Engineer: 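One structure coming up, written as structure tokens, with questions to follow.
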2 protein chains.
Amino acid sequence: MLSHTGRYAIRILGHLADHPGEMLSGTEIAGATRIPANYLAKILNQLRKRGFVESQKGWGGGFALRPAVLGVPIADVIDLFEGPQDHSGCVFELRECDGQHPCPLHEHWEKVRTSYREMLSSITIGNLATSRAP
Amino acid sequence: MLSHTGRYAIRILGHLADHPGEMLSGTEIAGATRIPANYLAKILNQLRKRGFVESQKGWGGGFALRPAVLGVPIADVIDLFEGPQDHSGCVFELRECDGQHPCPLHEHWEKVRTSYREMLSSITIGNLATSRAP
DNA sequence: AACTCCACGGATGAGTATATGCGCTGAGTA
DNA sequence: TACTCAGCGCATATACTCATCCGTGGAGTT
């Protein structure tokens with residue numbers, strides 16, 4: 001349902017959202033998020049190519065969140081790493097499960113899936129920042 | 001959230017529940033459930049050790065559901081193959097997430113998790129059988 | 001007893017997600 | 001220009017799940 005990589009991506013974006021406007025080096029992010037540095041580079045690269053993040057090479061360089069993406073739902077991020085996810089079939093693929101012959105789990109799973117997708121689409125990247133109460 | 005193996009186990013039990021009292025050979029079950037025969041044997045073995053299934057060696061032998069387990073929730077089966085699942089932490093492990101400082105996703109995920117566990121505990125192995133309306 | 005069916009078990013292989021290493025290049029500094 | 005920092009990309013290693021192979025032995029048949 002959620003790969004390690006997807007989790008990482010969210011954690012990275014959360015960390016970046018905590019430091020708006022700042023350029024954070026890969027090593028810094030790796031340390032803060034506890035993600036292996038080399039692997040993190042790969043993830044950040046994909047995030048960059050998809051426009052979630054901007055990067056700066058050289059001395060003082062690093063990564064920063066693109067301000068424009070603060071409002072986009074994290075579903076977009078997840079989809080990037082998990083692929084489009086075909087949940088057309090039923091969880092347990094118990095047997096043919098369509099409208100006519102729903103398996104005993106059909107409705108239940110529908111509920112789970114819905115609340116999951118709802119979570120992903122209602123939370124934005126901006127929301128990932130730690131909201132420090134005043 | 002759910003491994004291939006766990007799915008298989010449910011499918012197997014569903015098939016056995018469809019044929020109560022019958023001894024089905026491994027090959028038969030493999031064919032019906034589309035699970036690789038050799039791998040299926042392993043899963044059935046674990047199910048046997050845990051008392052979900054009884055087996056009969058030799059000619060005419062095979063596997064059958066233990067009648068007593070018709071009422072047990074499929075959560076027990078899943079737990080057997082997925083391990084106890086420690087969902088104590090939050091999905092994205094975004095950072096420290098406890099009652100005091102819940103992460104932005106905390107409540108949402110709680111809802112997802114609850115409806116999932118509810119599904120697993122409200123459906124019994126007996127429910128997996130195809131209920132053919134008269 | 002010889003034979004066949006089929007569950008059991010350990011060892012081994014394939015595939016994929018995860019993780020690492022290393023050399024390259026651009027960007028700033030002295 | 002020489003030097004260092006840090007992103008970039010490719011090739012490779014590790015881990016884990018999923019799957020297969022092969023041999024053993026019990027249970028019934030002839």
Side-chain angles (χ1 to χ4, degrees), chain A residues 1-12 15-16 19 22-66 78-86 92-93, chain B residues 1-12 15-16 19 22-66 78-83 85 92-93:
Chain A
M1 197 155 180
L2 181 61
S3 73
H4 225 159
T5 312
R7 244 189 288 272
Y8 284 170
I10 299 293
R11 254 163 61 194
I12 295 168
H15 183 65
L16 291 177
H19 303 265
E22 274 183 69
M23 268 293 178
L24 302 180
S25 79
T27 346
E28 198 281 341
I29 302 175
T33 56
R34 307 278 187 146
I35 300 172
N38 284 324
Y39 194 53
L40 173 127
K42 278 218 189 323
I43 300 172
L44 273 169
N45 231 320
Q46 291 193 255
L47 289 174
R48 179 179 54 86
K49 284 179 186 163
R50 286 307 192 96
F52 290 103
V53 149
E54 55 192 354
S55 71
Q56 184 62 37
K57 282 186 163 190
W59 198 98
F63 300 88
L65 211 53
R66 272 220 149 85
I78 299 300
D79 286 350
L80 167 58
F81 291 98
E82 313 284 311
Q85 297 275 53
D86 66 329
F92 297 109
E93 307 158 352
Chain B
M1 198 155 179
L2 181 60
S3 73
H4 225 160
T5 311
R7 245 188 288 271
Y8 284 170
I10 299 293
R11 265 183 25 212
I12 295 168
H15 184 65
L16 290 177
H19 303 265
E22 275 182 69
M23 268 293 178
L24 302 181
S25 78
T27 347
E28 199 282 340
I29 302 175
T33 56
R34 308 280 187 143
I35 300 171
N38 286 322
Y39 193 54
L40 173 127
K42 287 227 180 317
I43 300 173
L44 274 169
N45 231 321
Q46 292 192 254
L47 289 173
R48 180 180 54 85
K49 285 180 185 161
R50 287 306 193 96
F52 290 104
V53 149
E54 56 192 353
S55 71
Q56 184 62 39
K57 283 185 163 191
W59 198 98
F63 300 88
L65 212 54
R66 272 220 150 84
I78 300 299
D79 286 351
L80 167 58
F81 291 97
E82 312 286 311
Q85 298 276 53
F92 298 109
E93 306 158 353

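Here the structure is a predicted model, which is why all the values come from computation and not from measurement.
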Engineer: Locate the shortest heavy-atom distance separating B:Val53 from B:Arg66; write the atom from each residue and the value.
Structural biologist: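 Heavy atoms of B:Val53 and B:Arg66 come nearest at O-NH1, 3.7 Å.
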Engineer: On DNA chain D, nearest-nucleotide positions of A:Gly60 versus A:Lys49: which is more 5'?
Structural biologist: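 By nearest-heavy-atom nucleotide position, the 5'-most residue is A:Gly60.
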Engineer: From A:Arg34 CZ over to A:Arg11 CZ, what is the distance, rounded to the nearest 0.5 angstrom?
Structural biologist: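 So the gap between those two atoms works out to 9.5 Å.
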Engineer: Rounded to whole Å, how long is the line connecting atom CG of A:Leu40 with atom P of C:dT20?
Structural biologist: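 After rounding, the gap between these two atoms is 11 Å.
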Engineer: Just the rounded figure in Å: distance from P of C:dA14 to CG of B:Asn38.
Structural biologist: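 After rounding, the gap between these two atoms is 15 Å.
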Engineer: Are the side chain of A:Gln46 and the backbone of A:Phe81 linked by a donor-acceptor contact shorter than 3.5 Å?
Structural biologist: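 Flag not set: sc A:Gln46 to bb A:Phe81 has no pair under 3.5 Å.
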Engineer: Whole-Å distance between C:dC5 P and B:Met23 CE?
Structural biologist: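 Rounded to the whole Å, the gap is 19 Å.
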Engineer: Just the table, please: protein N/O against nucleotides 27-30 of chain C N/O, every pair under 3.5 Å.
Structural biologist:
none

Engineer: Think B:Ser3 has a side-chain N or O under 4.0 angstrom from the OP1 or OP2 of D:dT17?
Structural biologist: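 Answer no for this pair, as no side-chain N or O of B:Ser3 is under 4.0 Å from OP1 or OP2.
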Engineer: Atom CG of A:Leu24 and atom C1' of D:dC5: how far apart are they, to the nearest Å?
Structural biologist: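 To the nearest whole Å, that distance equals 16 Å.
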Engineer: How long is the line joining CD of A:Gln46 and P of D:dG9, in whole Å?
Structural biologist: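 The answer, rounded to whole Å, is 11 Å.
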Engineer: With a 4.0 Å limit, can you tell me whether B:Tyr8 has a side-chain N or O closer than that to the phosphate oxygens OP1/OP2 of D:dA19?
Structural biologist: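 Yes.
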Engineer: Would you give the length of the straight line joining atom CD of A:Glu28 to atom CE of A:Met23, rounded to the nearest 0.5 angstrom?
Structural biologist: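 One gets 13.0 Å once the value is rounded to the nearest 0.5 Å.
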Engineer: Using a cut-off of 4.0 Å on non-hydrogen atoms, how would the nucleic acid contact of B:Thr5 be classed: base, sugar-phosphate, or nothing?
Structural biologist: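 Sugar-phosphate only.
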Engineer: Using atom CZ of B:Arg34 as one end and atom C1' of D:dC18 as the other, report the distance to the nearest whole Å.
Structural biologist: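 That distance rounds to 19 Å.
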Engineer: Assess, by modelled atom type and distance only, whether the side chains of B:Thr5 and B:Tyr39 contain a donor and an acceptor separated by less than 3.5 Å.
Structural biologist: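 Yes, side-chain donor-acceptor contact under 3.5 Å.
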Engineer: Base, sugar-phosphate, or nothing for B:Asn45, non-hydrogen atoms under 4.0 angstrom?
Structural biologist: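 Sugar-phosphate only.
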Engineer: Tell me whether the OP1 or OP2 atom of D:dG7 has a side-chain N or O from A:Arg48 closer than 4.0 Å.
Structural biologist: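 Looking at the OP1 and OP2 atoms of D:dG7, neither is under 4.0 Å from any side-chain N or O of A:Arg48.
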Engineer: Indicate whether OP1 or OP2 belonging to D:dC18 is found under 4.0 Å from a side-chain N or O atom of B:Arg7.
Structural biologist: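 The answer is no; no side-chain N or O of B:Arg7 sits under 4.0 Å from OP1 or OP2.
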Engineer: Round to the nearest Å and state the distance from B:Tyr39 atom OH to D:dC21 atom C1'.
Structural biologist: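 After rounding, the reported distance stands at 16 Å.
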Engineer: Any donor-acceptor pair, under 3.5 Å, between the side chain of A:Lys42 and the base of D:dG7, if you only look at N and O atoms?
Structural biologist: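 Check fails, no donor-acceptor contact within cut-off.
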Engineer: CG of B:Leu16 to CD of B:Glu54: how many Å apart, nearest 0.5 Å?
Structural biologist: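 So the gap between those two atoms works out to 10.0 Å.
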Engineer: For B:Phe81, answer base if it contacts any base atom (sugar-phosphate contacts may also be present), sugar-phosphate if it contacts only those atoms, and nothing otherwise; contact means non-hydrogen atoms under 4.0 Å.
Structural biologist: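 No contact at all - B:Phe81 keeps every heavy atom at 4.0 Å or more from the nucleic acid.
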Engineer: Nearest 0.5 Å please: distance from the CZ atom of B:Arg48 over to the CZ atom of B:Arg50.
Structural biologist: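 Reported value, rounded in 0.5 Å steps: 13.0 Å.
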Engineer: What's the NE2-P distance between B:His4 and C:dT16, to the nearest Å?
Structural biologist: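 Computing the B:His4:NE2 to C:dT16:P distance gives 12 Å.
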Engineer: Any side-chain N or O of B:Ser55 below 4.0 angstrom from OP1/OP2 of C:dC8?
Structural biologist: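 Yes, such a contact exists.
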Engineer: Could you give the distance from CG (B:Leu2) to CD (B:Glu82), rounded to the nearest 0.5 Å?
Structural biologist: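 The CD atom of B:Glu82 is 5.0 Å from CG of B:Leu2, to the nearest 0.5 Å.
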